[in-house]
Amino acid sequence: NCRQWYSLQGPLEIFSQAAADKFFAGIGSCQGALQWDSWGEDWFVEHCMDHLGVQKREGFGLLADMYCQSAYLDNGKSYLQVCQENGPTCSDGRPAYHAYKTPSNLSACLDQAFGSSSG
């Protein structure tokens, strides 16, 4: 869900039942075949799914992620740049926004995402 790295990002991971079944059945194979010790869970899941032959589906429009520097809303700016200019930006209807690390920014994002005008 990040076009920049063509990668699965941890804040939003969606799998079919068949993909999840294959992952959990094959996790031991992945642990034995991959050098995963220092990876985050999203990197492990992505590489394990690749190792197991699970087919990917692109979902680049689902996650607005400040660490993914792909263009946001076709405006030539990344999500990080938009947030730096405007503050929390969470009103475009996406199911996930990342990363809001302070309570006030998270609260502002949630208010926007759920359509609340309170701050």
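- Residues Pro11 and His98 approach most closely at CG-CG, 3.2 Å, considering heavy atoms.
- Side chain to side chain, Tyr97 and Asp65 fail the donor-acceptor criterion of an N or O pair below 3.5 Å.
- Of all the heavy atoms in Gly10 and Glu41, the pair that sits closest is CA-OE2, 4.0 Å.
- Side chain of Lys22 to backbone of Val54: no donor-acceptor contact under 3.5 angstrom is found.
- Shown here is Gln35, whose CD atom has no more than 12 heavy atoms of other residues, nucleotides or ligands within 6.0 Å.
- Under the 3.5 Å distance criterion, with hydrogens and angles disregarded, no donor-acceptor pair is assigned to the side chains of Ser70 and Gln4.
- Lys101 has its side chain out of reach of Asn105: every pair of non-hydrogen atoms, C-beta onward, lies at least 4.5 Å apart.
- Between Cys30 and Leu52 there is a side-chain heavy-atom pair separated by less than 4.5 Å.
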CA sep, side-chain torsions, deciding dist, call: Leu8, Phe15, side chain to side chain contact (heavy atoms under 4.5 Å, CB included): CA-CA 11 Å; Leu8 174 74; Phe15 307 103; 4.2 Å; yes
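- Taking the side chain as every heavy atom from C-beta outward, Gln84 and Met66 never approach each other to under 4.5 Å.
- Listed here is the closest heavy atom pair of Gln9 and Glu13: O-CG, 3.7 Å.
- In terms of hydrophobic clustering, with Ile, Leu, Val, Met, Phe, Trp and Tyr side chains grouped at heavy-atom distances under 4.5 Å, Leu80 and Leu73 are assigned to a common cluster.
- For the pair Gln112 (side chain) and Cys109 (backbone), a donor-acceptor distance under 3.5 Å is absent.
- One hydrophobic cluster, built from ILVMFWY side chains closer than 4.5 Å, holds both Phe24 and Leu34.
- Among all heavy-atom pairs drawn from Asn75 and Lys77, the shortest one is OD1-N, 2.8 Å.
- Sorted by first and then second residue, the side chain to side chain donor-acceptor pair (under 3.5 Å) pairs with a member in residues 42-51 read Ser29-His51, Glu46-Lys56; sequence neighbours excluded.
- Follow the hydrophobic side-chain contacts under 4.5 Å out from Phe60 and you never reach Ile14; the two are in separate clusters.
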Residue pair Leu110, Cys90: steps toward the side chain to side chain contact (heavy atoms under 4.5 Å, CB included) verdict: CA-CA 7 Å; Leu110 289 171; Cys90 307; over 6 Å; no
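- A salt bridge between Arg3 and Glu58 is absent, with no side-chain N of the basic residue lying under 4.0 Å from a carboxylate O of the acidic one.
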From CA spacing to verdict: side chain to side chain contact (heavy atoms under 4.5 Å, CB included), Phe23, Cys48: CA-CA 7 Å; Phe23 172 76; Cys48 182; 3.7 Å; yes
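- Residues Gln69 and Ser78 come closest through the heavy atom pair OE1-OG, 3.2 Å.
- For the pair Tyr79 (side chain) and Thr89 (backbone), a donor-acceptor distance under 3.5 Å is present.
- Formation of a donor-acceptor pair under 3.5 Å by the Thr102 side chain with backbone atoms of Tyr100 is not found in this model.
- Ring geometry, Phe44 versus Trp39: the interplanar angle falls from 30° to 60°, so the pair is classed tilted.
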